[in-house]
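Reminder, nothing fancy here: chain letters follow the sequence lines and each chain counts from 1.
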There are 2 protein chains.
Amino acid sequence: MRRGTDRAVYDIDTMKAVLDAGLVAHVGISTDEGPVVLPMAYGRTDDTILLHGAAANALLKNATGTEVCVTVTIVDGLVIARAAFHNSMNYRSVVIRGLATKVEGDDKVEALQIITDHVVRNWDTGRPSTDAEIRKTLVVSVPLTEMSAKIRGGDPIDDDADLDGPHWSGTIPLDRVWGAPESAADLHEGIEVRTEIRALEGRSVN
Amino acid sequence: MRRGTDRAVYDIDTMKAVLDAGLVAHVGISTDEGPVVLPMAYGRTDDTILLHGAAANALLKNATGTEVCVTVTIVDGLVIARAAFHNSMNYRSVVIRGLATKVEGDDKVEALQIITDHVVRNWDTGRPSTDAEIRKTLVVSVPLTEMSAKIRGGDPIDDDADLDGPHWSGTIPLDRVWGAPESAADLHEGIEVRTEIRALEGRSVN
């Protein structure tokens, strides 16, 4: 893709791929004192996005049973046009609006696994959560029914009148790259990081 | 910093440094159909955060004169604890809540320069904006008066009972790295990218 594209209509698989590539969601609620937007870890199923936090988490508690907006954005680079007016960013963003519903019982345990797998993919090898830990966690789901995306890629789109001007035009890609795993200071000697986690080093988040 | 830290009280310079390191803000407004959160480019002055969009931008138009929430988050890595319950992320996040006010006249021209400089730092060498372009742009400011931060860094914080377990514990840093500038397909030969932009290649966004 060279000529810049900036569209707002995407099929659901494209939107799910953006959710899978994102790391945090920005979750918005309306309160009597105005809107609040906080970053949160998340996971997704085929038809919902799942959020979790401490049971005392004020935003999630207030969100439950109300309309929320969950937005996931990945910045892919800078778009530098000949004219400042056409400067932009290349990015992928998905916006989900809907009712946040508390997740309970077996669905809650499954939801926590999905969220953990989305973020760090080590649920299966860490020490499993206890019932008390699960009780201390609040999980809500929002349906993917009202979901939209905006994705921009490719070159700047300059005015024709500027094409023969003296200014450079192009893009600066921005990559998200995993570093080397760093063992905790209190880790006992002889415990190695999992192969899959070590293999992340130098790899990009796509 | 090794032992994990997760605090919520920071001095204003620390919070401004997070704003300076961020690339997009997630801007939330309350509407009759629930909250809306969208990513936007931004800039900051000593006492405001500045947002801009097309004059027809529905979110910004609705935001003007109302309470908004502007959140900037940088993910610095994954925190993998011995227990899934203590998994987390290292991140820096700033939340600003306040009244969005339209910026006009000379202040608007200055605001556009600040926003452009925050994002791509080429205002001075691109073709300057025309009056018509400036009219087509809406700029709003939100005071930094009601600003808070949450910053997590360092190791996982496991339960003492898990410290002698068999599970790995540590962090996976995530770096944001600039790639090589890519000239637009319609750029005439002989126009080189500015030295400062080429120098970004391989450098991290801090």
Margin query: A side-chain contact here means heavy atoms from C-beta on lying under 4.5 Å apart; do T171(A) and L78(A) qualify?
Written below: no
Margin query: Below 4.5 Å, heavy-atom pairs only: which of V37(B), T71(B), I191(B) has the largest tally toward chain A?
Written below: V37(B)
Notebook entry, point to check: Measuring heavy-atom distances to chain B, does E33(A) have an atom under 4.5 Å in its side chain, in its backbone, in both, or in neither?
Noted result: both
Checklist line | From CG (L112(B)) to CZ (F85(A)), nearest 0.5 Å | finding: 9.5 Å
Next item on the list: Determine whether R92(A) and L19(A) make a side-chain contact, defined as any pair of heavy atoms from C-beta on separated by less than 4.5 Å.
Entry: no
Check: Can you say whether S169(B) sits under 4.5 Å from chain A via the side chain, the backbone, both, or neither, judging by heavy atoms?
Finding: both
Margin query: I want to check something: taking the side chain as every heavy atom from C-beta on, are D158(B) and L163(B) in contact at a cut-off of under 4.5 Å?
Written below: yes
Notebook entry, point to check: Hey, which of G170(B), C69(B), P39(B), A180(B) has the most heavy atom pairs under 4.5 Å with chain A?
Noted result: C69(B)
Next item on the list: Considering only heavy atoms and a distance below 4.5 Å, find which of P181(B), G34(B), S30(B) pairs most often with chain A.
Entry: S30(B)
Notebook entry, point to check: By a 4.5 Å heavy-atom criterion (distance strictly below it), what part of L187(A) contacts chain B: side chain, backbone, both, or neither?
Noted result: both
Item checked: Side chain, backbone, both or neither of V95(A) within contact of chain B (heavy atoms, under 4.5 Å) -> side chain
Notebook entry, point to check: Using non-hydrogen atoms only, which part of V193(B) is less than 4.5 Å away from chain A: side chain, backbone, both, or neither?
Noted result: both
Check: By a 4.5 Å heavy-atom criterion (distance strictly below it), what part of L200(B) contacts chain A: side chain, backbone, both, or neither?
Finding: side chain
Check: What do the steps show when you test D175(B) against R203(B) for salt bridge (Lys or Arg N to Asp or Glu O under 4.0 Å), and what is the final call?
Finding: CA-CA 10 Å; D175(B) 203 9; R203(B) 278 189 12 209; over 6 Å; no
Item checked: Top of H86(B), E201(B), M89(B) for chain A proximity - count of heavy-atom pairs under 4.5 angstrom -> M89(B)
Next item on the list: Against chain B, work out which of G190(A), G165(A), P166(A), G98(A) has the most heavy-atom pairs shorter than 4.5 Å and name it.
Entry: P166(A)
Next item on the list: Could you tell me which portion of R97(A) (side chain, backbone, both or neither) has an atom closer than 4.5 angstrom to a non-hydrogen atom of chain B?
Entry: side chain
Next item on the list: List the atom of N90(B), the atom of R152(B), and the distance in Å for their closest heavy-atom pair.
Entry: OD1-NH1, 2.7 Å
Note to self: Do D20(B) and R44(B) have side chains that approach each other closer than 4.5 Å (heavy atoms only, starting at C-beta)?
What the structure shows: yes
Note to self: Heavy-atom cut-off 4.5 Å, strictly under: side chain, backbone, both or neither for D76(B) against chain A?
What the structure shows: neither
Next item on the list: Please flag which part of D162(B) lies under 4.5 Å from any non-hydrogen atom of chain A: side chain, backbone, both or neither.
Entry: side chain
Next item on the list: Using a cut-off of 6.0 Å, state whether more than 12 heavy atoms not belonging to E110(B) lie near its atom CD.
Entry: no
Note to self: Quick check: closest heavy atoms across A63(A) and V68(A), and the distance to 0.1 Å?
What the structure shows: CB-CG1, 3.6 Å
Next item on the list: Under 4.5 Å heavy-atom distance to chain B, tell me which part of V75(A) shows up: side chain, backbone, both or neither.
Entry: side chain
Notebook entry, point to check: Under a 4.5 Å cut-off applied to non-hydrogen side-chain atoms, are I49(A) and L144(A) in contact?
Noted result: yes
Check: Looking at G179(B), A41(B), S93(B), S204(B), which has the largest count of heavy-atom pairs under 4.5 Å with chain A?
Finding: G179(B)
Note to self: Is V205(B) in contact with chain A via its backbone, its side chain, both, or neither, using a 4.5 Å heavy-atom distance?
What the structure shows: side chain
Next item on the list: Could you walk me through whether T73(A) and H26(A) pass the side-chain hydrogen bond (donor to acceptor under 3.5 Å, both in side chains) test, one step at a time?
Entry: CA-CA 8 Å; T73(A) 304; H26(A) 280 81; over 6 Å; no
